[in-house]
K.L.:
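I am attaching a structure below and will ask some questions about it afterwards.
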4 protein chains.
Amino acid sequence: MADTKIRVVIVGAKGRMGRETVKAVLHDPELELVGCVDRTLNDVAVSAILGHEANGVKFSNDLLKTLIDSKADVMVDFTTPTTMKANIDKAIELGIRPVVGTTGMTPEEIANWDQLCKDRGIGGLIAPNFAIGAILMMRFAQQASRYLPHVEIIEMHHDQKLDAPSGTAIKTLELINQERQAVQQGNPDEHETIAGSRGGEYEGMRVHSVRLPGYVAHQQVIFGGLGQTLTIRHDSINRESFMPGVVMSCKQVMKYEGLIYGLENLLD
Amino acid sequence: MADTKIRVVIVGAKGRMGRETVKAVLHDPELELVGCVDRTLNDVAVSAILGHEANGVKFSNDLLKTLIDSKADVMVDFTTPTTMKANIDKAIELGIRPVVGTTGMTPEEIANWDQLCKDRGIGGLIAPNFAIGAILMMRFAQQASRYLPHVEIIEMHHDQKLDAPSGTAIKTLELINQERQAVQQGNPDEHETIAGSRGGEYEGMRVHSVRLPGYVAHQQVIFGGLGQTLTIRHDSINRESFMPGVVMSCKQVMKYEGLIYGLENLLD
Amino acid sequence: MADTKIRVVIVGAKGRMGRETVKAVLHDPELELVGCVDRTLNDVAVSAILGHEANGVKFSNDLLKTLIDSKADVMVDFTTPTTMKANIDKAIELGIRPVVGTTGMTPEEIANWDQLCKDRGIGGLIAPNFAIGAILMMRFAQQASRYLPHVEIIEMHHDQKLDAPSGTAIKTLELINQERQAVQQGNPDEHETIAGSRGGEYEGMRVHSVRLPGYVAHQQVIFGGLGQTLTIRHDSINRESFMPGVVMSCKQVMKYEGLIYGLENLLD
Amino acid sequence: MADTKIRVVIVGAKGRMGRETVKAVLHDPELELVGCVDRTLNDVAVSAILGHEANGVKFSNDLLKTLIDSKADVMVDFTTPTTMKANIDKAIELGIRPVVGTTGMTPEEIANWDQLCKDRGIGGLIAPNFAIGAILMMRFAQQASRYLPHVEIIEMHHDQKLDAPSGTAIKTLELINQERQAVQQGNPDEHETIAGSRGGEYEGMRVHSVRLPGYVAHQQVIFGGLGQTLTIRHDSINRESFMPGVVMSCKQVMKYEGLIYGLENLLD
């Protein structure tokens with residue numbers, strides 16, 4: 001029943017996450033690739049660039065035309081934070097569900113899109129991280145903070161990453177903050193002889209961002225207690241790790257109304 | 001209301017865990033130290049050996065007499081696996097609740113004590129690990145195994161430890177095994193050029209025991225998935241980390257009937 | 001001066017390490033790709049399979065013919081241990097320098113090839129690991145063992161790896177064994193309740209091999225001392241990490257006679 | 001030959017490091033405990049406070065008198081950075097060799113004490129860290145930075161520590177800086193959404209300080225390269241780990257003139 005497949009447009013399809021998503025969508029029996037958008041390519045067969053069959057889909061640099069012509073159900077967007085915002089607006093306006101991997105959106109922006117999605121009767125998802133292991137890390141961190149309220153986060157990423165801390169780290173801090181009782185961490189008289197050594201501060205918790213070649217996307221959440229530490233660590237070494245989450249999201253956004261922030265909210 | 005305090009006898013009180021327990025019981029307002037047993041000492045004031053006040057309690061090398069004379073509610077035992085078995089039998093016979101930190105008891109032994117406790121209408125607890133961080137590690141490991149069934153355990157302990165793997169590792173394997181779908185791990189054609197390199201095998205999972213000076217009690221549970229790993233690690237660096245769990249156990253065993261194996265089963 | 005380039009044949013060129021090597025050789029100005037051998041392909045352009053220009057080189061399934069016709073200086077071999085042995089013999093016989101990434105060769109085999117290389121007046125290299133970070137790890141481990149003789153190794157690899165422990169682990173054990181004073185590690189009375197838990201044993205040291213999806217090639221060497229541990233860890237997440245070492249080896253084997261085992265012996 | 005023993009005064013002897021040093025000096029056959037200074041105690045037997053024999057030595061709160069009366073060769077000082085400075089001045093003036101565990105002295109202060117020691121013809125040592133494993137970590141970090149110049153440091157300490165980063169971290173950065181070629185690390189356009197997330201900056205390298213209960217003194221030096229990372233980690237879980245270094249220092253300061261900063265400079 002080809003007509004029941006979920007029709008997916010991928011934006012930023014020539015990028016690294018975009019390429020993986022093209023492959024993943026092509027391989028999933030419930031999804032159908034109906035458009036690929038990239039600002040650098042127009043009227044070029046996907047197969048010519050990515051080296052594999054792609055249903056005859058061509059790259060386009062015209063998002064609006066592609067969204068309309070393709071009769072898409074879902075728009076997966078892996079471009080840049082700035083570009084994404086306009087893209088999400090366009091998609092929702094057309095009744096197409098956005099599935100977006102990014103960080104750096106404000107609570108106001110998310111609330112606004114949530115309302116717009118509800119007004120259109122569609123679902124949407126923005127996730128800083130599509131790796132199931134990362135979602136579990138965040139969930140466990142939130143639970144552990146009830147019993148062990150002293151916590152710091154270290155996240156490590158490749159050295160070309162622009163923002164610090166990572167979206168996953170910020171999300172983790174937010175989740176912990178919902179559960180954790182307020183606690184004074186560290187020595188009240190501590191001082192930095194090199195400014196910034198103690199990391200960034202969020203509601204009394206500290207976060208540290210390491211940037212080195214050889215890393216991809218990694219995070220440790222460390223809880224300290226009397227005579228013990230508990231460390232929850234996720235290591236993601238390539239973009240394959242995100243695809244099960246992206247594919248699941250394309251299917252789930254068909255089933256609810258409003259914009260969900262965070263893949264963990266799609267799990268039971 | 002001194003008469004409502006829980007009366008505690010500590011066996012193996014001169015040992016390292018025993019000493020910490022003496023301190024912890026003395027400091028807790030709901031507990032009362034009423035006896036200290038150690039095979040090497042008789043009629044010696046606890047304060048003379050441990051260097052702090054102890055309610056005038058003296059060491060005795062006679063467990064049975066101490067249990068009877070002290071009118072104990074709870075017997076905390078940190079001796080050796082062999083000694084413990086007889087001690088647990090005696091305590092239950094006298095209607096005194098055993099709180100025992102050990103590993104290496106068989107399911108049959110545990111089931112037997114469980115029945116004996118029920119027959120006497122008392123509670124009991126045997127725990128391989130009293131550290132709350134360790135309990136959380138096991139809980140999270142069990143949950144994660146639903147989503148990421150490929151798992152191995154590495155535990156690291158001080159180099160004088162006798163048994164391998166640790167009781168915590170075995171308990172973790174058992175808990176995971178309750179949740180995890182059967183999965184073929186590793187390459188079916190793998191072979192060891194040094195026997196034992198691939199560790200111990202339990203229901204398809206592997207466990208590795210490291211023994212070095214400088215370690216105390218540590219464990220990592222590592223889950224592997226496509227392009228990612230999730231690691232849950234607990235580090236315990238001294239015996240203080242166990243005391244909140246021991247104290248909690250002395251209080252909880254007053255509230256139920258039967259023998260519980262594992263501190264996690266005392267948590268909600 | 002094209003005629004001064006080092007002429008390289010790659011065996012197992014369609015495999016994962018082979019593909020990376022093809023790219024690396026093509027990109028290095030001092031190396032020239034003159035042949036690609038793979039048992040599954042004959043008379044097929046490299047560019048057709050690997051998707052990039054390759055000097056017009058074609059895949060061949062005939063190693064001997066390729067080695068002779070190409071006038072190769074160096075044969076890089078990333079096939080299988082069994083195949084490699086015959087390949088090394090052939091290459092040396094033809095005066096072509098073997099650069100081989102593998103483990104599992106015996107000291108006798110290595111000594112024999114060393115003699116054959118010397119007889120032919122050529123160099124050769126067999127390396128279990130071409131990553132410079134791994135070489136440094138082994139060097140530091142060897143040095144640390146002088147001061148901290150209690151040591152264990154944990155190596156983690158992807159779950160399709162056939163042999164355990166890894167060649168890098170074995171090499172590390174050998175190097176440490178050259179420096180480390182004999183020491184009795186662990187408790188003489190320790191016993192395993194699950195056979196193999198304490199890992200493989202090599203000259204009193206223990207080695208543990210973890211195999212999980214999500215890992216690539218990782219190793220920790222852990223030294224224990226009074227109240228402290230020192231851990232030297234190398235993580236290799238893709239085959240790119242090996243290429244600087246492979247390229248360096250192709251150049252270095254032109255400069256000496258005899259077969260060297262281990263990239264570290266090429267460093268100053 | 002009791003008169004050839006090295007005569008040691010310990011300042012801050014009632015503190016945690018001081019207590020360990022008392023034990024270590026008492027146990028070493030080449031050292032003799034001749035004085036214990038603590039600002040809170042006067043004319044009290046060491047044995048009464050520390051619970052073990054101490055040659056009849058008494059605590060004094062008068063440093064100057066103790067240094068003079070005891071005819072000390074060496075003054076070991078584990079007080080506070082502020083107090084230490086005056087103590088070092090006094091000791092050198094009296095021709096007594098300072099062995100001081102601290103951080104936070106300026107290069108100018110160190111150079112000044114070095115000159116004063118030389119003028120008096122005595123040795124002296126200031127060390128941020130007395131653990132041999134930490135010294136090896138620093139040495140290896142310095143060596144690795146030649147080959148892998150991208151580096152960050154994460155140090156973790158107990159949550160009552162006052163200064164960040166630790167003295168060991170600063171020392172490590174200085175040592176690496178001597179060897180490492182200048183390299184632009186990270187993305188030139190990176191930005192922090194939480195200030196301080198990227199840590200402290202020292203000559204292009206980043207340093208991160210974690211402070212949690214359950215930690216004692218730990219540090220990781222992480223090197224990143226193409227597809228790989230190399231991590232050198234030291235974990236110190238109690239003060240015993242420092243004693244071999246303190247004892248060695250008491251002996252070595254008898255053998256040279258001038259003030260040495262860093263235990264590594266006492267190793268061959």
Side-chain angles (χ1 to χ4, degrees), chain A residues 103-104 148-167 169-170 173 183-202 205-216 218 220 222-231 237, chain D residues 103-104 148-167 169-170 173 183-202 205-216 218 220 222-231 237:
Chain A
T103 65
L148 296 166
H150 291 260
V151 57
E152 300 205 10
I153 293 178
I154 305 169
E155 52 93 347
M156 298 95 90
H157 281 80
H158 60 89
D159 64 340
Q160 294 311 304
K161 186 171 178 62
L162 282 169
D163 52 324
S166 70
I170 291 170
L173 290 165
V183 63
Q184 164 85 42
Q185 288 195 203
N187 191 316
D189 296 327
E190 79 175 7
H191 61 274
E192 292 176 335
T193 55
I194 300 180
S197 306
R198 283 289 286 118
E201 191 271 339
Y202 179 93
M205 297 175 277
R206 299 285 175 159
V207 57
H208 311 269
S209 300
V210 177
R211 298 290 176 265
L212 284 172
Y215 277 131
V216 184
H218 316 256
Q220 298 175 68
I222 310 170
F223 295 90
L226 196 62
Q228 66 190 306
T229 54
L230 176 68
T231 304
I237 57 165
Chain D
T103 65
L148 296 166
H150 292 259
V151 56
E152 300 204 10
I153 293 177
I154 305 170
E155 52 92 348
M156 298 96 90
H157 281 80
H158 60 89
D159 64 341
Q160 294 311 305
K161 186 171 177 62
L162 282 169
D163 52 324
S166 69
I170 291 170
L173 289 165
V183 62
Q184 163 83 44
Q185 286 194 203
N187 191 317
D189 297 326
E190 78 175 7
H191 61 275
E192 292 176 335
T193 56
I194 300 180
S197 307
R198 284 288 286 120
E201 191 271 340
Y202 179 93
M205 298 176 277
R206 298 285 176 159
V207 57
H208 311 269
S209 300
V210 177
R211 298 289 176 267
L212 284 171
Y215 276 132
V216 184
H218 316 256
Q220 299 176 66
I222 309 171
F223 295 90
L226 195 63
Q228 66 189 307
T229 54
L230 176 69
T231 304
I237 57 165

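Every chain is numbered from 1, with letters handed out A, B, ... down the list of sequences.
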K.L.:
At a heavy-atom distance under 4.5 Å, which candidate from D:Gly214, D:Gly225, D:Ser209 has the highest pair count against chain A?
P.N.:
D:Ser209

K.L.:
Which heavy-atom pair separates D:Ile194 from A:Gly200 by the least distance, and what is that distance?
P.N.:
CG2-CA, 3.7 Å

K.L.:
So what's closer than 4.5 Å to chain D heavy atoms on A:Ile153: side chain, backbone, both or neither?
P.N.:
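For A:Ile153, no heavy atom lies under 4.5 Å from chain D.
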
K.L.:
D:Ala169 and D:Val207: which non-hydrogen atoms are nearest, and at how many Å?
P.N.:
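Scanning both residues completely, I find the closest heavy atoms to be CB-CG2, 4.1 Å.
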
K.L.:
Could you tell me which of A:Gln185, A:His191, A:Glu190 has the largest number of non-hydrogen atom pairs under 4.5 Å with chain D?
P.N.:
A:His191

K.L.:
What part of D:Glu201 is in contact with chain A, defined as an atom under 4.5 angstrom from a non-hydrogen atom: side chain, backbone, both or neither?
P.N.:
backbone

K.L.:
May I ask you to name which of A:Thr193, A:Ile222, A:Val210, A:Asp159 has the most heavy-atom pairs under 4.5 Å with chain D?
P.N.:
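Of A:Thr193, A:Ile222, A:Val210, A:Asp159, A:Val210 has the most heavy-atom pairs under 4.5 Å with chain D.
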
K.L.:
Mind listing the closest non-hydrogen atom pair of A:His158 and A:Tyr215 along with its distance?
P.N.:
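In this case the closest contact between A:His158 and A:Tyr215 is CB-O, 3.2 Å.
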
K.L.:
Can you tell me how far NE2 of D:His208 sits from CD of D:Glu155, rounded to the nearest 0.5 angstrom?
P.N.:
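With rounding to 0.5 Å, CD (D:Glu155) is 10.5 Å from NE2 (D:His208).
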
K.L.:
Measure D:Leu230 against the heavy atoms of chain A and call it side chain, backbone, both or neither at under 4.5 Å.
P.N.:
neither

K.L.:
D:Arg211 and A:Asn187: side-chain contact (heavy atoms from CB on, under 4.5 Å), yes or no, with the steps?
P.N.:
CA-CA 9 Å; D:Arg211 298 289 176 267; A:Asn187 191 316; over 6 Å; no

K.L.:
Look only at the side chain of A:His150 and the backbone of A:Leu148, and say whether a donor-acceptor pair between them is shorter than 3.5 Å.
P.N.:
no

K.L.:
Side chain, backbone, both or neither: which part of A:Arg206 has a non-hydrogen atom closer than 4.5 Å to chain D?
P.N.:
neither

K.L.:
How far does CG of D:Asp163 sit from CD1 of D:Ile170, to the nearest 0.5 angstrom?
P.N.:
7.0 Å

K.L.:
Of all of D:Arg198, D:Glu192, D:Gln160, which one pairs up most often with chain A through heavy atoms under 4.5 Å apart?
P.N.:
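Ranked by contacts with chain A, first place is D:Arg198.
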
K.L.:
Side chain, backbone, both or neither: which part of D:Val151 has a heavy atom under 4.5 Å from chain A?
P.N.:
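D:Val151 touches chain A through backbone heavy atoms alone.
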
